[in-house]
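Both counts, for ligands and for their atoms, begin at 1 and track the order of listing.
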Amino acid sequence: MPPAASTIAPHVDALFYAVLGTTTLVGLGVLVALVWFGVRYRAGNPVHRHGDIPAAQARARRRVEVAWTVIPLLLFFAAFGWAARLYVQRAAVPEGAAQVDVVAKQWMWKFQHAGGQREIDELHVARGTPVRLLMTSQDVIHSFFVPAFRVKQDVLPGRYTDVWFTPTLAGRFHLFCAEYCGTDHAAMGSGEVIVMEPVEFQRWLAGHPSARDAAARGEALFRENGCSGCHGAGATVHAPDLAGLYGRPVPLADGSVVTADERYLRDAILLPRKEIAAGYPPIMPSFAGRIAEDDLLDLIAYIRSLAEVRPAPRS
Ligand code: CUA
């Protein structure tokens, strides 16, 4: 096994070994019974046809059958419950996680820290700080896989997936693409996640200054693409105010309510007719094919940065 280098890794390992141990025991039990019965009954007792079995023996048989049905069932439920709890834990991003945007492409990983620092095939993170990766692909399906953290998540074109981990060991850990993605798929398996002590990581961030952070880049794009003409402060067009929007429930024209997460924001920009905010005319143009994936992530970083801004009172 690779080193267990994240908070979730020991839990994944415990489940893995428990399932491995249980299945090994059951497998051995079946093997031993198989050999034992093969030897014990090799001459062949008179074969009972159905109905010829004495009542006491029939009852014993039923008990055995119930036992070999119920016990494995309980074992499966136990494994399911355990795994489901871990799955939920793996899916719930902790508060205060550092945000990193990821765009996968043939054949590299592009990372951008919230502070605007960009990296390719290398990701620097701080030990002890949860990191949340918001990921998409600009071509085919890739898969983000760091064995030492026990996390693996498909990275899909046309949508966002996320994954988080809290590294517990400093060091360099292998980053793989775990989905065959074309000729140089193997080359995507040479990336590294570099876990540094927090102080060291701050020094690294400071040593790679970026003119603009992700949200500031997004703000510039917000103007360049004309978004501010309708959604900006003082716009005369009746368009949803983006201040304080992120993470909030959004009532839709069809009566349903969705959460304004990254998935919603992405679709609102690329597929504006899909979910129309209640009370607004469907006049938003689609930006599909006009915005690169990295720019879209920057735009969303900007809208996310407005989450704490109080929405302007509407008349
Ligand atoms: Cu990307 Cu395999």
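Panel note: side chain His174, backbone Gly189; a donor-acceptor pair is recorded below 3.5 Å.
Between Cys177 atom SG and Cys181 atom SG, the angle centred on atom 1 (Cu) of ligand 1 amounts to 120° (nearest 10°).
When Arg159, Arg266, Lys110 are each tested for a salt bridge (charged side-chain N to carboxylate O under 4.0 Å, His left out) with Glu293, only one passes: Arg266.
The pair Arg132-Glu262 meets the salt-bridge criterion, since a charged nitrogen lies less than 4.0 angstrom from a carboxylate oxygen.
Atom CZ of Arg118 has more than 12 neighbouring heavy atoms from other residues, nucleotides or ligands inside a 6.0 Å radius.
Because the distance cut-off is set at 2.8 Å, Gln106 fails to qualify as a neighbour of atom 1 (Cu) of ligand 1, as none of its N, O or S atoms comes that close.
Taking the N/O/S atoms of Glu179 in turn, the shortest distance to atom 2 (Cu) of ligand 1 belongs to O. For His142, the N, O or S atom closest to atom 1 (Cu) of ligand 1 goes by the atom name ND1. Atom ND1 is the N/O/S atom of His185 found closest to atom 2 (Cu) of ligand 1.
Between Tyr41 and Phe37, the ring planes are tilted. Angles from 30° to 60° get that label.
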